[in-house]
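In listed order, ligands and their atoms are each counted from 1. Positions are given from 1, in the same order as the sequence printed here.
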Amino acid sequence: LQKKGLKDIQASRDLKQLNDIRVHLLGKKGPITEVLRGMRDLAKEERPVVGSFANKVRDALTEAIEGQKAALEQEKLTQQLAHEKIDVTLPGQQPKLGTHHVIMQIIEQLEDTFLGMGFKVVYGYEVEEEKYNFEMLNMPKDHPARDMQDTFYITKDILMRTHMSPDEARELEKHDFSKGPLKMVSPGRVYRRDTDDATHSHQFFQMEGQYIGEHVTMADLKGTLEFAIRQIFGEDRQIRFRPSYFPFTEPSVEVDISCFKCNGKGCAVCKHTGWIEVLGAGMTHPNVLKAAGVDPEVYGGFAFGLGIDRFAMLKYGIDDIRNFYLNDVRFLDQFTKRG
Ligand code: PHE
């Protein structure tokens, strides 16, 4: 029995087969158990002889089974390792990377441009005090110009900012002019009660900025803005300044740029004039300086506010502002600059 058992064990090819052999030899119905169970029928003096012999056979088989089990397991592991080996020379799978939103790309380009001209970048509050959004910008209560920007009010004194100018008032109030002029830009989301269509949105992006110092002129305004616009749109874009009105600047201008990308194609953004307004600006009103505690007899300068969405639409020939907010990957994927 022992010889045959050992042979079977050696010959077993996998763990299941080995387990069957174990059950067969050593299990409850196996021959060894049978012999041990039959002991009570034996004469007293025969019992130790038969018992110790049976135990020896059992131990030998158990040991052989354990040995074979370890060998089979090792073999299985070796096979598995060979099977699962990684071929490091195979080309990897590129994970799909996200891209910066086209609006963010324009903001970053503008920030870089203005940083390069010595401006600092600040970020204000989307939920603003009425005082900074209107009051300090020369728009007291009941001022008709408040209607120019239909407002989402949260309470009587708190609102969703309608432009980025509140940051200008805040910075003006804080700035220490004995340390030099104030040069800042501020990009962010603004909100207006507008019905959404291809060119209007109740929420869009602006960047405003100002340069206030002792000898800042309208020529600085023109030079700075022309430079910034050409950085985004290229040297050959035409730019025109038109007189306009804003309560916080005097004189005020609006800036249009030519839209050759859309010319002749009935581009929704440019209508039929071939020009689109992208920017409001002007020389900061003395009342705005006074409200922030700055002496208009000594300091002055310019401020401007530009529409980021319109910049993006013009730069890339996008004809519907709503594309920016739908988050359709097919749209976003076209602007593949990696962040
Ligand atoms: N705040 C103005 C707007 O949102 C833009 C502007 C800013 C005009 C600064 C003049 C000076 O329309």
Phe304 and Phe114 aromatic centres sub-6.0 Å: yes
OH/Tyr125: more than 12 non-hydrogen atoms of other groups inside 6.0 Å: no
Presence of salt bridge, Asp256 and Arg242, under 4.0 angstrom: yes
Contact residues of ligand 1, where a non-hydrogen atom lies under 4.0 Å away: Gln149, His163, Ser165, Arg192, Gln206, Glu208, Phe246, Phe248, Thr249, Gly280, Ala281, Ala303, Phe304, Gly305
SB check Arg170 Glu173 (cutoff 4.0 Å): no
Pairing residues for Phe204 by the ring-ring contact (aromatic ring centres under 6.0 Å, His included) criterion, not counting sequence neighbours: none
Least distance between heavy atoms, Leu332 atom then Thr99 atom: O-OG1, 4.0 Å
